[in-house]
Structure formats: structure tokens, C-alpha cells
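Heavy-atom basis, side chains included; hydrogens, waters and symmetry copies ignored. All residue numbers in this chain count up from 1 along the given sequence.
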Amino acid sequence: MSAYPLPDGRQITGALSVKFGQQARGTGRWIEQPAAKYECLRCAYVEIVTGAERVMAFAQTIRSSHPATCPGYPALKVA
């Protein structure tokens with residue numbers, strides 16, 4: 001796998017998808033839990049999280065936390 005090139009030289013290096021879930025009216029119980037999935041196009045890493053709080057924290061941090069450890073990220077390659 002590799003990053004998806006764009007015409008202006010930038011690249012798409014990962015995909016984050018989020019399902020917001022569904023709560024029952026009145027009770028606040030979750031009918032369907034929120035979920036998020038991140039897929040790295042450089043190293044094929046996939047991570048899935050569920051639950052409202054975990055999804056919120058994951059979505060806020062994955063763009064900075066994964067590149068710091070991704071073996072396919074250019075800044076980490078040693079010449």
C-alpha cells in the first residue's frame with residue numbers, strides 16, 4: 001500500500017470513518033454504539049474503537065498519534 005497522490009502534490013495517507021450511533025429517545029440508551037475506524041494507507045495499520053467517549057478521543061488524536069509510530073511515515077525513515 002502507499003499514499004494516494006493528489007494533483008497538487010499532496011497525498012491522502014489515511015482514512016478515518018466515524019459512525020455516530022443511535023440513542024433511544026427518553027432513556028438515552030444506545031441502540032447502536034458510536035464507532036470509529038482508522039486505516040493507514042502507508043503501513044496497512046487498522047484500528048477500530050467503539051463507545052462515545054473512546055470515539056471522541058480517538059478522532060481527536062489519531063492524526064497526530066499514528067504518524068509518530070508509523071513505519072511508512074517519511075519523517076521517521078533514517079537515511
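- Scanning both residues, Phe58 and Ala36, for their nearest heavy atoms gives CD2-CB, 3.7 Å.
- In this structure, CD on Glu39 lies 12.5 Å from OG1 on Thr13, to the nearest 0.5 angstrom.
- Every pair passing side chain to side chain donor-acceptor pair (under 3.5 Å) that includes a residue from residues 45-62 is listed here, sequence neighbours excluded: Tyr45-Glu47.
- With a 4.5 Å cut-off on side-chain heavy atoms, Val49 and Val55 count as touching.
- Atoms OH and OG, from Tyr38 and Ser65 in turn, are 8.5 Å apart once rounded to the nearest 0.5 Å.
- Note that SG of Cys70 and CG of Leu41 are 10.0 Å apart. Values are rounded to the nearest 0.5 Å.
- Contact check for Arg42 versus His66: no side-chain heavy atoms found under the 4.5 Å cut-off.
- Closest approach of Gly72 to Cys43, counting heavy atoms only: N-CB, 4.5 Å.
- Judged purely by atom type and a 3.5 angstrom limit, Gln22 has no side-chain atom pairing as donor or acceptor with the backbone of Glu32.
- By the 4.5 Å heavy-atom criterion applied to side chains, Lys37 and Val46 are counted as neighbours.
- The cluster map of Ile, Leu, Val, Met, Phe, Trp and Tyr, joined by side-chain heavy atoms under 4.5 Å apart, puts Phe20 and Ile48 in different clusters.
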